Novice: 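A single structure is presented below for examination.
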Amino acid sequence: MSAAIYTALATAMFFLQDAYFSVGGMELSLKNPCAVGIVALALLDLIVSVRLDRLLVLTRHALVQALPFLIPLVFSAAVWVSSGAESAAVVNGVSMIAPQLLSVAVAAATLYLFGERGIWYCLGSMCAANLLSVLVVIQEGGLSQFLQEFCTLLITFSGETGPLMMRLESHDITFAFGPFLIYLLLNWKRIPRAPVWLALTALFFLIGLKRIAVPAVALGFAAAALLRLLPEKAARQAAMCAAVGMMIVSFAYIASIRYGLFRFLEERFQIDTMGRVEMYENLEPYYHISFPYMGRGTGFERFVDWASGAVYPVPDPTRMPIHNDFLRLYLNLGFVGYWVWLWGWLAARLRYWFRQGGRESGCLFLGICVYCFVLYATDNTIYYPYTLIACALVPMACGLDGQARAALEERCAQWSRRGGEPPPVKGGPEEGGGAA
């Protein structure tokens with residue numbers, strides 16, 4: 001019963017990305033009630049049958065995965081208080097962070113309900129939602145036209161897209177397939193029915209093709225695969241060195257933009273920066289590269305149209321976004337906040353996954369971080385809920401059932417040493433764990 005309800009809610013959540021309803025004049029996405037429904041389903045299951053083993057592990061996992069979203073909340077709160085920000089700015093910022101935390105909660109709820117198998121329930125729902133979208137488009141435009149436009153999309157590497165393919169161009173759900181692709185490529189020998197999952201995931205990844213996502217997946221997979229060839233200690237050390245390198249590069253990227261990188265590329269090499277020079281010049285009055293810079297608070301970018309530099313008294317998410325999540329975070333969090341965020345996003349979590357799940361989990365998590373690193377440098381994916389669900393769920397699912405058993409055994413041993421009695425546990429790993 002839980003599986004059927006979850007599948008219906010998750011498929012609807014992934015399908016209803018562009019469907020909205022209005023409450024008090026505010027437009028809200030229909031995917032959010034579905035996401036809340038998934039969390040509520042897990043909470044109901046928790047009340048009915050306490051799966052203590054999964055609860056012990058997933059509580060830690062979820063807190064660690066939420067760390068990069070809690071840090072901006074803390075630093076933004078400091079900015080809002082010190083600057084006397086109006087309520088509109090605070091509500092706007094919190095409304096951007098809340099969906100990030102909800103995405104982590106959805107990932108944790110999925111795994112609580114199904115254990116490691118949750119990764120397939122989630123991926124299957126994503127594929128089902130994409131299939132529904134494809135069928136709607138085919139019904140309206142015809143199968144022949146769809147196939148013709150799809151072939152053109154692949155041949156031109158998304159350089160040319162017809163009207164049907166443009167309707168299927170959902171950035172968020174396309175990017176969300178990336179972590180699953182990395183997981184499948186790394187573990188295809190050990191996953192039952194791996195060729196089927198890999199074919200479906202690759203197909204829907206290509207239907208909504210985003211050019212930057214292809215090298216992002218390739219680099220993420222290559223980084224994880226190479227590190228898995230090393231002994232565990234060497235892999236952990238190499239991964240931490242890579243994380244430090246990525247942190248330094250991201251900051252150097254921001255600084256180089258501030259001091260005219262894109263203007264140099266456009267003038268010296270005649271590279272089409274697609275309006276980024278003008279956008280970054282409009283950003284210059286609002287930030288500087290120095291230790292005292294405190295930031296503007298999460299959501300500040302919604303108050304400015306970066307194409308023209310015009311400032312507005314109210315936020316609007318439809319204005320031209322900053323196609324650079326690293327710069328966006330620096331603008332909002334300031335110098336200290338940005339480095340703390342980098343530590344929480346990369347170093348702290350990478351150390352946790354190596355310690356919690358060993359080389360397999362640590363290398364997988366690094367691969368996902370490399371994937372995100374490429375996207376953050378060029379796009380606006382840090383607030384995409386579907387992508388966040390995938391990035392949170394995939395590493396949490398890796399080895400979850402074994403970790404849950406070990407955590408429960410350790411806790412029971414502690415209770416035994418203290419002379420206490422553990423609470424009754426229903427729905428242990430033997431009822432919901434295992435591979436697909």
Side-chain angles (χ1 to χ4, degrees), residues 65 68 123 154 157-159 171-189 194 197-198 201-206 208-230 234-254 256-257 261 265 271 274 276 323-329 341-342 345-347 349-351 353-354 357 359-382 384 386-395 398:
Q65 293 296 71
L123 179 56
L154 297 180
F157 198 48
S158 81
H171 302 342
D172 190 0
I173 201 165
T174 297
F175 288 134
F177 281 112
F180 290 102
L181 274 176
I182 293 172
Y183 177 79
L184 286 164
L185 290 170
L186 287 172
N187 301 286
W188 67 275
K189 290 183 178 180
W197 284 116
L198 190 57
T201 305
L203 173 63
F204 290 119
F205 179 75
L206 292 174
L209 180 63
K210 297 298 294 178
R211 280 177 286 189
I212 193 60
V214 175
V217 167
L219 288 172
F221 166 69
L226 288 173
L227 260 64
R228 291 210 310 182
L229 298 176
L230 301 175
R236 182 172 62 251
Q237 293 172 342
M240 293 304 299
C241 289
V244 172
M246 289 161 61
M247 293 166 67
I248 294 172
V249 168
S250 76
F251 183 76
Y253 182 48
I254 293 171
S256 64
I257 288 173
L261 170 65
L265 293 174
I271 295 176
M274 303 179 69
R276 281 177 170 80
H323 289 271
N324 184 331
D325 283 326
F326 291 125
L327 181 54
R328 186 207 303 234
L329 265 293
W341 173 78
L342 278 177
W345 174 59
L346 264 176
R349 295 197 300 168
L350 188 61
R351 185 180 295 111
W353 285 113
F354 267 102
R359 182 179 57 184
E360 298 297 317
S361 295
C363 292
L364 171 63
F365 182 74
L366 178 69
I368 292 173
C369 285
V370 170
Y371 172 76
C372 291
F373 183 89
V374 177
L375 300 185
Y376 290 176
T378 58
D379 218 297
N380 309 291
T381 54
I382 200 166
Y384 285 176
Y386 301 155
T387 305
L388 293 175
I389 289 172
C391 290
L393 185 144
V394 171
C398 185

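Since this is a predicted model, take the numbers as computed values, not measurements.
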Novice: Measure across Y371 and A213 and return the closest heavy-atom pair with its distance rounded to 0.1 Å.
Specialist: CE1-O, 4.0 Å
Novice: Is the side chain of Y384 donor-acceptor paired with the backbone N or O of F175 at a distance under 3.5 Å, no angle test?
Specialist: no
Novice: Are P395 and R349 close enough that some pair of their side-chain heavy atoms sits under 4.5 Å apart?
Specialist: no
Novice: Are the side chain of T201 and the backbone of L198 linked by a donor-acceptor contact shorter than 3.5 Å?
Specialist: no
Novice: Is there a donor-acceptor contact under 3.5 Å from the side chain of R236 to the main chain of G362?
Specialist: no
Novice: Apply ring pair (Phe, Tyr, Trp, His ring centres under 6.0 Å) to Y376 and list each qualifying residue two or more places apart in sequence or on a separate chain.
Specialist: F326, W345
Novice: Atom OG in S361, atom CG in L350: separation rounded to 0.5 Å?
Specialist: 11.0 Å
Novice: Please report the shortest heavy-atom distance between V214 and L209, naming the atom on each side.
Specialist: CG2-CD1, 3.7 Å
Novice: Taking the side chain as C-beta and beyond, is there a heavy-atom pair between M246 and V370 under 4.5 Å?
Specialist: yes
Novice: How long is the straight-line distance from CG of L206 back to OG of S158, given to the nearest 0.5 Å?
Specialist: 10.5 Å
Novice: Mind listing the closest non-hydrogen atom pair of A225 and L186 along with its distance?
Specialist: N-CD2, 3.8 Å
Novice: Looking at every heavy atom in both Q65 and F365, which two are closest together, and how far apart are they?
Specialist: OE1-CE1, 3.8 Å
Novice: Where is the tightest heavy-atom contact between F354 and A235, given as atom of each residue plus distance?
Specialist: CZ-O, 3.8 Å
Novice: Decide yes or no for L342 and L329: does some side-chain heavy atom of the first lie under 4.5 Å from some side-chain heavy atom of the second?
Specialist: no
Novice: In Å and rounded to the nearest 0.5 Å, what is the CG to SG distance from L393 to C398?
Specialist: 11.5 Å
Novice: Let me confirm one number: the CG-SG distance from L227 to C363, rounded to the nearest 0.5 Å.
Specialist: 4.5 Å
Novice: About how many Å separate CD of E360 and CG of N187, when rounded to the nearest 0.5 Å?
Specialist: 6.5 Å
Novice: Of all the heavy-atom pairs spanning A347 and M240, show the shortest one and how long it is.
Specialist: O-CE, 4.0 Å
Novice: Ignoring hydrogens and angles, write down the donor-acceptor pairs under 3.5 Å from the side chains of residues 178-185, residues two or more places apart or on other chains.
Specialist:
none

Novice: Donor-acceptor pair, T387 side chain versus D172 backbone, under 3.5 Å?
Specialist: yes
Novice: Closer than 3.5 angstrom, by distance alone: can the side chain of R328 be matched with the main-chain N or O of I382 as a donor-acceptor pair?
Specialist: no
Novice: Nearest 0.5 angstrom please: F205 CZ to T174 OG1, how far?
Specialist: 7.5 Å
